[in-house]
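Labels below follow one simple rule: chain letters A, B, ... track the order of the sequence lines, proteins then strands, and each chain is numbered from 1.
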There are 2 protein chains.
Amino acid sequence: MKRIAENTINRLIVYKKELERLRKDDVRNVFSHKLAFLSGFPSHLVRRDLMNVGYNGSPAHGYDVVELEKCIADFLCTPGSVRVILIGVGNLGRAILDYCQQQNHKISMVAAFDSDKNKVNKVYHGIYTFHIDSIKNFIKENDIKVAIITVPASDAQEIASALVESGVRGIVNFTPARLQLNEEVYIENLDMMLGLEKVVYFVDGG
Amino acid sequence: MKRIAENTINRLIVYKKELERLRKDDVRNVFSHKLAFLSGFPSHLVRRDLMNVGYNGSPAHGYDVVELEKCIADFLCTPGSVRVILIGVGNLGRAILDYCQQQNHKISMVAAFDSDKNKVNKVYHGIYTFHIDSIKNFIKENDIKVAIITVPASDAQEIASALVESGVRGIVNFTPARLQLNEEVYIENLDMMLGLEKVVYFVDGG
DNA sequence: TTTGAATTGTGAAAAAAATCACAATGCAAA
DNA sequence: TTTGCATTGTGATTTTTTTCACAATTCAAA
């Protein structure tokens, strides 16, 4: 099986989301141009990407919304349900917990962790908060593979190392710290300032 | 002037941040391998990128931390100060306001906006919140070019259109909505679920 | 001075990604 | 039926990005 580029994966995730929206609006079929318009990518790239996932549309009716959504979901291997935990119930952490609750994704947030006694044993946006000390056991017992880090930058490396040691294989890192980890671990850095800097660059320079 | 790829810009922003950190630790010089290690990219890519910004190091001492940081900052055109506003003082909005305060960037958050009467005229993390109705005037009077959107997805398109109409040229969009705008406007989509989905994919599939 | 070791900068090659362009398809209307 | 049209799927091409590999550089030590 051919390795798929990260950019392709990004786009597929966007297509999937747009397809989900179309499905909810009871739209049955969609053409590559329409999907391209909705996602913000050129239509030939849409077709090329769908070639990668192996879905075939028809020249007459385009793509079947439901089938294509399912096909992409299968391709992305989002199986029954993926359990995710979040570490750091600060402003941002709570925002994300809230955000997760709103979505009916196959990704389910199962627990939050914090070191602050005032937050431990409380429920935020439907998610129970445990003390950070119990995290290693939790990960092992529940076979958690993916975690979201929203702690202060200074704590990020230590937490991340502990996560990986316990079995976590993928991390969404919302802190500005660059994590140094075993390279089998997939890290998605989402430093919000970075996005802002990029916009500033493209607005007045590029 | 040659057009620089978006990925290159992403990396340059990361290098700049690492250089800033090194500078604060009073490190004077850095080699491409070290900078590569800190940023998480291969060293030959670091060298290639620095070639793009036109900075020359020395084989004996590598790169001068202070000079290189300045060189990248100039290249990225982060001038004296860029004024940014934020729309939507919810969980996420407040998290970002907090985050901005912590950084001593050349990017300065100058105002927040919301439609909720309970939030208007209050100060969050040092930033004053105005009513959304005053946003068009504010943008024009203060010549705001960049905005961050953290409103509910259903309001995003309307707000974004109003921003662009008033003169905004770049938007950091934290909502899951795909904004349809004039294509001269630079949009950075930071849908947090998308990052999570990507990690899930690379952990159990790719 | 001379040698050796480490590093930079960059042409050239390779790999990857995006775009083009068009044959093949399937429907609708004449 | 037949014609015409809009669309898909995909080889081929182009462009972009990354990687390789090594000459040139600089310093320290002999």
*Would you kindly give the CG-to-P distance between A/Asp49 and D/dT10, to the nearest whole Å?*
14 Å
*Separation of D/dT10 P from A/Asn52 CG (nearest whole Å)*: 11 Å
*What is the distance, rounded to the nearest whole Å, between atom CG of A/Asn29 and atom C1' of D/dT7?*
13 Å
*Whole Å only: how far is the CD1 atom of B/Ile9 from the C1' atom of D/dT17?*
14 Å
Using the 3.5 Å cut-off, write out each protein N or O paired with an N or O of nucleotides 5-10 of chain C and the distance between them.
from: C/dT7; atom 1: O4'; to: B/Pro59; atom 2: O; distance (Å): 3.2
from: C/dT8; atom 1: OP1; to: B/Ser32; atom 2: N; distance (Å): 2.6
from: C/dT8; atom 1: OP2; to: B/Ser32; atom 2: OG; distance (Å): 2.5
from: C/dG9; atom 1: OP1; to: B/Gly57; atom 2: N; distance (Å): 2.3
from: C/dG9; atom 1: OP1; to: B/Gly57; atom 2: O; distance (Å): 3.2
from: C/dG9; atom 1: OP2; to: B/Tyr63; atom 2: OH; distance (Å): 3.0
from: C/dG9; atom 1: N7; to: B/Arg47; atom 2: NE; distance (Å): 3.0
from: C/dG9; atom 1: O6; to: B/Arg47; atom 2: NH2; distance (Å): 3.2

*Would you call B/Asp74-B/Lys70 a salt bridge at under 4.0 Å N-O?*
yes
*Round to the nearest Å and state the distance from A/Leu45 atom CG to D/dT7 atom P.*
18 Å
*Using distance alone, with no hydrogens and no angle criterion, decide if B/Asp191 and A/Tyr99 have a side-chain donor and acceptor under 3.5 Å apart.*
yes
*To the nearest Å, give me how far apart CG (B/Asn10) and P (D/dT18) are.*
10 Å
*asked:* Using whole Å, what does the distance between atom C1' of nucleotide D/dT7 and atom CG of A/Leu35 come to?
replied: 14 Å
*Tell me: CG of B/Asn7 to C1' of D/dT15, nearest whole Å?*
15 Å
_Is it true that B/Glu165 and B/Ser161 share a donor-acceptor pair across their side chains at a distance under 3.5 Å?_
no
_Close aromatic pair by centroid cut-off 6.0 Å: B/Phe113 and B/Phe138_ = yes
_Within the 4.5 Å heavy-atom criterion, are A/Ile187 and A/Leu181 side-chain neighbours or not?_
yes
*asked:* Taking the side chain as everything from C-beta on, heavy atoms only, tell me whether B/Gln101 gets closer than 4.5 Å to B/Ile127.
replied: yes
